[in-house]
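Quick notes on the structure that follows.
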Amino acid sequence: MLIVGLGKPGPKYAATRHNAGVLVVEELLGRATPAPAQLSAHKKTNTEVAELAAGRLLPSRRAIVARTRSYMNVSGGPVTALARYFGVAPADLYVVYDELDLDLGTVKLRAGGGDHGHNGLRSVSASLGTREYNKLAVGIGRPPGRMAPADYVLKPFSRKESAELPIVAADAADELLRAAGSV
């Protein structure tokens, strides 16, 4: 199983809505036993990766947990390189991303389907040559008023939203582990 959190690199974007996928990866790393697992640079794929042997996160199989180090719109190359490097089929790939069309706190896992206008998913689908992989949407809500979605996703969460993020990340991690058959 390969789980990849999409986000934007660098400290400037660490607390932004566009890094919702990365928050879920951090939650999963914290659940690994012995805890926590650490990401390390994987230069061949332009990602950060933690290879978790069977029993560290999933009871009977290994899990590879990663985050991209590229910009969202070009996530496909690194995700595809990771899948190829570790020999993971699209059916065992889980891409975690931020979703404007879901309220904050809503988590939705789906197999296959379109990109829902998300540039990161569009890039992954194009690079993989298929849309038949698993997508875990983490709701971030719609922008207020007439704010452009591109501006909204790059803004930090509000103080109130930030207080909810640990619960959102835990719910998303639970959904991934349930899909893997361990919850």
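Keep in mind that this is a model prediction, so the values were computed, not measured. Numbering of residues begins at 1 and proceeds along the displayed sequence. Any value given below was found using the heavy atoms of this structure, including those in side chains, with hydrogens, waters and symmetry copies removed.
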Side-chain donor or acceptor of [X] paired with backbone N/O of [Y] under 3.5 Å:
{"X": "Lys135", "Y": "Gly112", "value": "yes"}
{"X": "Ser123", "Y": "Gly76", "value": "yes"}
{"X": "Arg56", "Y": "Thr33", "value": "yes"}
{"X": "His118", "Y": "Gly120", "value": "yes"}
{"X": "Asn134", "Y": "Ala91", "value": "yes"}
{"X": "Arg142", "Y": "Pro144", "value": "no"}
{"X": "Asn46", "Y": "Thr68", "value": "no"}

Which atom pair, heavy atoms only, marks the closest approach of [X] to [Y]?
{"X": "Val74", "Y": "Pro78", "answer": "O-CD, 3.3 Å"}
{"X": "Ala32", "Y": "Leu57", "answer": "N-CD1, 4.4 Å"}
{"X": "Ser70", "Y": "Ser75", "answer": "OG-CA, 3.8 Å"}
{"X": "Ser162", "Y": "Pro166", "answer": "O-CD, 3.5 Å"}
{"X": "Val96", "Y": "Leu176", "answer": "CG2-CD1, 4.0 Å"}
{"X": "Arg122", "Y": "Gly117", "answer": "NH2-CA, 3.6 Å"}

Answer whether the closest heavy-atom distance between the side chains of [X] and [Y] falls below 4.5 Å.
{"X": "Lys8", "Y": "Asn19", "answer": "yes"}
{"X": "Leu104", "Y": "Arg17", "answer": "no"}
{"X": "Glu175", "Y": "Leu136", "answer": "yes"}
{"X": "Lys155", "Y": "Met147", "answer": "yes"}
{"X": "Leu29", "Y": "Arg67", "answer": "no"}
{"X": "Glu26", "Y": "Leu39", "answer": "no"}

Could you give the distance from [atom1] ([X]) to [atom2] ([Y]), rounded to the nearest 0.5 Å?
{"X": "Ile140", "Y": "His18", "atom1": "CD1", "atom2": "NE2", "result": "7.5 Å"}
{"X": "Thr45", "Y": "Arg69", "atom1": "OG1", "atom2": "CZ", "result": "8.0 Å"}
{"X": "Leu109", "Y": "Asp174", "atom1": "CG", "atom2": "CG", "result": "12.5 Å"}

More than 12 heavy atoms from other groups under 6.0 Å of CZ on Arg131: no
Other residues, nucleotides, ligands: >12 heavy atoms within 6.0 Å of Arg84 CZ: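 Open: at most 12 neighbouring heavy atoms sit under 6.0 Å from CZ of Arg84.
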Pairing of Arg178 and Asp171 as salt bridge, 4.0 angstrom limit: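 No salt bridge links Arg178 with Asp171.
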Glu27 with Arg31: basic N within carboxylate O range, under 4.0 Å: yes
Cluster overlap [X] with [Y], hydrophobic side-chain contacts below 4.5 Å:
{"X": "Leu100", "Y": "Leu23", "value": "yes"}
{"X": "Leu58", "Y": "Val25", "value": "yes"}
{"X": "Val168", "Y": "Val22", "value": "no"}

Residues clustered with Val79, ILVMFWY side-chain links under 4.5 angstrom: Leu2, Val4, Leu6, Val49, Ile64, Met72, Leu82, Tyr85, Phe86, Val88, Leu93, Val95, Tyr97, Leu121, Val124, Leu128, Tyr133
Shared-cluster residues of Leu102, by chain and number - hydrophobic side chains joined below 4.5 Å: none
side-chain contact (heavy atoms from CB on, under 4.5 Å), paired with Val138, selected from Val24, Asp98, Thr106: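 Filter result, single survivor: Val24.
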